[in-house]
There are 2 protein chains.
Amino acid sequence: MKTSAKIFKALADETRLRIVALLAEGELCVCDLMAVLSLPQSTVSRHLSYLKNSGWVKDRRQGQWMHYRLAESAIPLHRALSTVLIGELPRLEPVQADKAALINHLANKKNRACR
Amino acid sequence: MKTSAKIFKALADETRLRIVALLAEGELCVCDLMAVLSLPQSTVSRHLSYLKNSGWVKDRRQGQWMHYRLAESAIPLHRALSTVLIGELPRLEPVQADKAALINHLANKKNRACR
DNA sequence: TGACTATATCCGCCTATGCGGATACTTTGG
DNA sequence: CCAAAGTATCCGCATAGGCGGATATAGTCA
């Protein structure tokens, strides 16, 4: 029960929902998220910690970059929510805008580093 | 987006999840919930307000009793989450215990008032 | 090693919200 | 109209957690 509330708590924040929606597109590093969300690094990093701590994302270090991706969970509620999020979040206008910004960002960045 | 976060916030609390699970069984009044959850009236009432305010429940006055039931929403995310909750919450042990307590409470109460 | 980049964490500040006892309001029945 | 029941709200208190600048850490490359 506590576990379930924790799963929902992680989604009870606008920024974290945006992050989850972006990660649904694939693995991203912190600097990409900063750029797309236009948020300070400490803010993005804090939310990612929260998501990691609650089991929503996994990280993977590659050189100086920390890559984050959605985690697959063994908890049925968690899995069911993932499915819902993947199906419903893309309907939201802000999510669509973020995705467009992501595509644009990745295009500009090409094979260059983050900045 | 803000709306979505609000929907999740309402579920980001153990007590509210228990209430939602109980209301999935059908309409209940505050005093029934107090008895089943073993929580003070002000606490139960506060959580019901929160759930009402976030669109999760509707109330209906019948004499001195205020009856609460799950609300049907027009918001796709909300509807999808309802389905998930109804499917997943019953798997949780604390929810099963609450349901048993509810059945017991209703049986003891019969046609008498709440106390 | 030293400089630079990417990230995590610390910090002080501020708001949201949980708790439950106390109080106020609403409805009913006599 | 009063008393009692059911409920909502107020209150003071405590903690969680949001924010973003500042600082610490980790990895890379010359």
Side-chain angles (χ1 to χ4, degrees), chain A residues 1-2 4-20 23 27-54 56-69 105 109 111-115, chain B residues 1-20 23 27-54 56-69 105-106 109 111-115:
Chain A
M1 208 67 196
K2 245 186 175 121
S4 305
K6 189 175 179 183
I7 290 172
F8 281 111
K9 250 177 206 153
L11 302 176
D13 178 274
E14 206 179 341
T15 302
R16 287 197 291 271
L17 282 178
R18 292 174 71 195
I19 291 176
V20 167
L23 292 183
E27 200 179 54
L28 291 173
C29 65
V30 181
C31 54
D32 288 332
L33 287 168
M34 286 171 57
V36 173
L37 298 172
S38 297
L39 287 174
Q41 183 265 324
S42 66
T43 295
V44 173
S45 203
R46 175 165 34 79
H47 284 300
L48 285 169
S49 286
Y50 200 115
L51 287 171
K52 178 182 167 190
N53 190 278
S54 59
W56 276 100
V57 305
K58 279 212 157 83
D59 57 5
R60 175 178 70 87
R61 171 145 243 147
Q62 186 174 38
Q64 336 173 229
W65 296 273
M66 198 62 99
H67 293 263
Y68 285 88
R69 65 181 186 286
H105 167 73
K109 170 178 154 181
N111 27 17
R112 290 183 294 108
C114 251
R115 55 187 53 205
Chain B
M1 209 67 197
K2 245 183 174 122
T3 307
S4 305
K6 188 175 179 183
I7 291 172
F8 282 111
K9 249 177 207 155
L11 303 176
D13 178 274
E14 206 179 340
T15 302
R16 287 197 292 271
L17 282 179
R18 292 174 71 194
I19 290 176
V20 168
L23 292 182
E27 200 179 54
L28 291 173
C29 65
V30 181
C31 55
D32 288 332
L33 288 168
M34 287 172 56
V36 173
L37 299 172
S38 297
L39 287 174
Q41 184 264 325
S42 67
T43 295
V44 173
S45 203
R46 176 166 32 81
H47 284 300
L48 285 168
S49 286
Y50 200 116
L51 286 170
K52 178 182 167 189
N53 191 278
S54 59
W56 276 99
V57 306
K58 280 214 156 84
D59 56 5
R60 175 179 69 86
R61 170 146 243 146
Q62 187 176 35
Q64 337 172 229
W65 296 273
M66 198 62 100
H67 293 262
Y68 285 89
R69 65 181 186 287
H105 167 73
L106 293 179
K109 170 178 155 181
N111 25 20
R112 290 184 295 107
C114 251
R115 53 188 53 208

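Per chain, numbering begins at 1; letters A, B, ... match sequence-line order.
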Quickly work out the [X] [atom1] to [N] [atom2] distance and round it to whole Å.
X: L33(B); N: dG20(C); atom1: CG; atom2: P; answer: 15 Å
X: K6(B); N: dA16(C); atom1: NZ; atom2: C1'; answer: 13 Å
X: M34(B); N: dG21(C); atom1: CE; atom2: P; answer: 11 Å
X: Q62(A); N: dT5(C); atom1: CD; atom2: C1'; answer: 15 Å
X: W65(A); N: dT5(C); atom1: CH2; atom2: C1'; answer: 8 Å
X: H67(B); N: dT27(C); atom1: NE2; atom2: C1'; answer: 13 Å

- Taking all non-hydrogen atoms of both residues, which atom of A5(A) and which atom of L17(B) are closest, and how far apart?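 What the structure gives for the nearest pair is N-CD1, 3.7 Å.
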- Message: Could you report the tightest heavy-atom contact between A12(B) and K9(A), atom names first, then the distance?
- Response: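 Closest approach of A12(B) to K9(A), heavy atoms only: O-CE, 3.3 Å.
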- How does protein contact run along nucleotides 8-19 of chain D, one letter per nucleotide 5' to 3', with B for base contact, S for sugar-phosphate only, - for none, heavy atoms under 4.0 Å? BB-------SSB
- Query: Is there a side chain to side chain contact (heavy atoms under 4.5 Å, CB included) between K6(A) and N53(A) once you walk through the steps?
  - Reply: CA-CA 10 Å; K6(A) 189 175 179 183; N53(A) 190 278; 3.5 Å; yes
- Task: Taking the side chain as every heavy atom from C-beta outward, state whether Y68(A) and I19(A) have any pair of such atoms under 4.5 Å apart.
- Result: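 With C-beta onward as the side chain, the pair stays apart.
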- Message: Could you tell me if the side chain of R69(B) sits less than 4.5 Å from the side chain of L23(B), heavy atoms only?
- Response: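 A side-chain contact is absent here, since even the closest heavy-atom pair is not under 4.5 Å.
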- Between G63(A) and C29(B), name the one whose nearest nucleotide on DNA chain D is closer to the 5' end.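 Closest to the 5' end, via its nearest nucleotide, is C29(B).
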Show me the side-chain donor-acceptor pairs of residues 39-50 of chain A shorter than 3.5 Å, one per line, residues at least two apart or across chains.
from   : atom 1 : to     : atom 2 : distance (Å)
H47(A) : ND1    : R16(A) : NH1    : 3.1
S49(A) : OG     : S45(A) : O      : 3.3

- Task: Please state whether the base of dA5(D) and the side chain of Q64(B) form at least one donor-acceptor pair under 3.5 Å?
- Result: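 Between dA5(D) and Q64(B), which were checked side chain against base, a qualifying N/O pair under 3.5 Å is present.
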